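Worth saying up front: this structure is predicted, and the values here are computed from it rather than measured. Chain naming here is simple, since letters A, B, ... match the order of the sequence lines and numbering starts at 1 in each.
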Number of protein chains: 2
Amino acid sequence: MDPIAEARRHWQERGWLEAAEGMAAVTSIMRTQQILLARIETVLKPHGLTFARFELLALLSFTREGALPMAKASARLQVHPTSVTNSVDRLERAGLVMRAAHPADGRTKLVEITPQGRAAVEQATLELNAQVFTSPGFSAPEVDGLNQVLGRFRHEAGDFVETRFAI
Amino acid sequence: MDPIAEARRHWQERGWLEAAEGMAAVTSIMRTQQILLARIETVLKPHGLTFARFELLALLSFTREGALPMAKASARLQVHPTSVTNSVDRLERAGLVMRAAHPADGRTKLVEITPQGRAAVEQATLELNAQVFTSPGFSAPEVDGLNQVLGRFRHEAGDFVETRFAI
DNA sequence: ACGGAATACTTGCACTTCCTAGTTTGTGCA
DNA sequence: TGCACAAACTAGGAAGTGCAAGTATTCCGT
């Protein structure tokens, strides 16, 4: 029994025909996200990482300097600044990042990845690639279709960041 | 600048070609879920509901008796039993559901939707249909494609509940 | 140059989620 | 029948998220 198919049936019985398929699609995205997140967190847990913290480490590892202002990280990761503070607190306690002063702006603090952080994110990424991303549960054409459809959706939702570079 | 496209580029530069597209698809699903959830919660907030609580009310409103054991609700909604307890606590305080004893099994408690609960979920559903589900940001063919691809994915992930009916 | 506005970050609070452990009640085997 | 085991729910705690407010610093118009 598919709970979502059942919900769609109920929607149709109530006469909400215009909304039934959209409701099913939106709800399916919710459930799919839960399933994928659970798989990812299972892989990351032994490394002491959550997906949010992994994303932060990965972002830092891809910058030229290995460091970013907190606000930049918040914008790139599309999460609330307080969530970044929280993640950095824990990553710093684990020795994977350091807070550093910004050379020019006294307000901003830089988050900088440490050598241990680089090692951790490298290892975690290899495992995620092997156990989730290479075979996510979608065929190659499905992956392409998802990337196209969801990419356009995100674009229309204003999910893209303005281009700005600054240490 | 699309943060996900940029991540894919980094993946490719590192030589993780097998995983790059899957990583992009999985991450896109994460972001899409966040965007949709934010829209839904914006609609529900004036009603004092979260999506989790709305889903519980909707589930109850579709049962014959308007009541379900907590464990059933937990299984149907695919959430942890303690999360159901939490939702029911708040819905009960708001007068939208009631806890009732199970007639046959002393261990289980029934959650029962109240007339106010029915009114609230009806109104909230109409608004969600109008503001989100009818025009979710995907075309009709895209919605169909998502339902098909994600439905199969969920099926293979074991996301379907065994058929059992019991008050 | 200087004072109000804006920016960057942190703290406290509320909420949600899940985990572990506990209590109560039912089930089934000896 | 009786006793171990399982099931249903709740309580307490940790972690993540977002909002509102607070502090420190910078920006900018006059």
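On a pure distance criterion of 3.5 Å, a polar donor-acceptor pair joins the side chain of A/T82 and the base of D/dG18. For A/R107 against C/dT7, a side-chain-to-base donor-acceptor contact under 3.5 Å is present.
Separating the CZ atom of A/R93 from the C1' atom of D/dG16 is a distance of 13 Å, rounded to the nearest angstrom. In this structure, B/L77 atom CG and C/dT17 atom P are separated by 10 Å, rounded to whole Å. Across the protein-nucleic acid pair, A/K45 atom NZ and D/dG16 atom P stand 10 Å apart, rounded to whole Å. We find that CD of A/E41 is positioned 9 Å from P of D/dG16, with the value rounded to whole Å. As rounded to whole Å, 14 Å separates atom C1' of D/dT17 from atom CZ of B/R31. One can place CD of A/Q33 at 11 Å from P of D/dT17, the figure rounded to the nearest angstrom. Regarding A/F51, its CZ atom lies at a distance of 17 Å from the C1' atom of D/dA15, rounded to whole Å. D/dC9 atom P lies 13 Å from atom CG of B/D89, rounded to whole Å.
Each of A/Q34 and A/V84 was matched to the nucleotide of DNA chain C holding its nearest heavy atom; the match closer to the 5' end belongs to A/V84. Nearest-nucleotide positions on DNA chain D place B/K109 closer to the 5' end than the other of A/A104 and B/K109.
Among the protein residues, A/N86 comes within range of the nucleic acid bases, having at least one heavy atom under 4.0 Å from a base atom.
Checking C/dT11, C/dC15, D/dG16 against every side-chain atom of A/T85, the shortest atom distance belongs to C/dT11. For A/H80, whose side chain is taken as the heavy atoms from C-beta onward, the closest listed nucleotide among D/dG16, C/dC18, D/dC19 is D/dC19. Comparing D/dA15, D/dT10, C/dT16 by their nearest atom to the side chain of A/R90 picks out D/dA15. Among the nucleotides D/dG16, C/dC15, C/dA8, the one closest to the side chain of B/R53 is C/dC15. In this structure, of D/dC9, C/dT16, C/dT10, it is D/dC9 that holds the atom nearest to the side chain of B/M70. Out of D/dT17, D/dT10, D/dA8, the shortest distance to the side chain of B/A71 is found at D/dA8. Nearest nucleotide to the B/D105 side chain, out of C/dT25, D/dT17, C/dT10: C/dT25.
A side-chain donor-acceptor contact under 3.5 Å links A/S61 to the backbone of A/A58.
A salt bridge is absent between B/R118 and B/E122; no separation between the charged side-chain nitrogens and carboxylate oxygens falls under 4.0 Å. A salt bridge between A/R152 and A/D159 is absent, with no side-chain N of the basic residue lying under 4.0 Å from a carboxylate O of the acidic one.
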Determine, step by step, whether B/K72 and B/T108 satisfy the side-chain contact (heavy atoms from CB on, under 4.5 Å) criterion, reporting the C-alpha distance in whole Å, the side-chain angles of both residues, the deciding distance to 0.1 Å, and the verdict. CA-CA 10 Å; B/K72 281 281 168 239; B/T108 86; over 6 Å; no

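Contact between the side-chain N/O atoms of B/S83 and the OP1/OP2 oxygens of C/dT16 is not found at any separation under 4.0 Å.
The neighbour count for A/E156 CD, taken as heavy atoms of other residues, nucleotides or ligands under 6.0 Å away, is above 12. The environment of CD in B/E18 is sparse: at most 12 heavy-atom neighbours from other residues, nucleotides or ligands sit within 6.0 Å.
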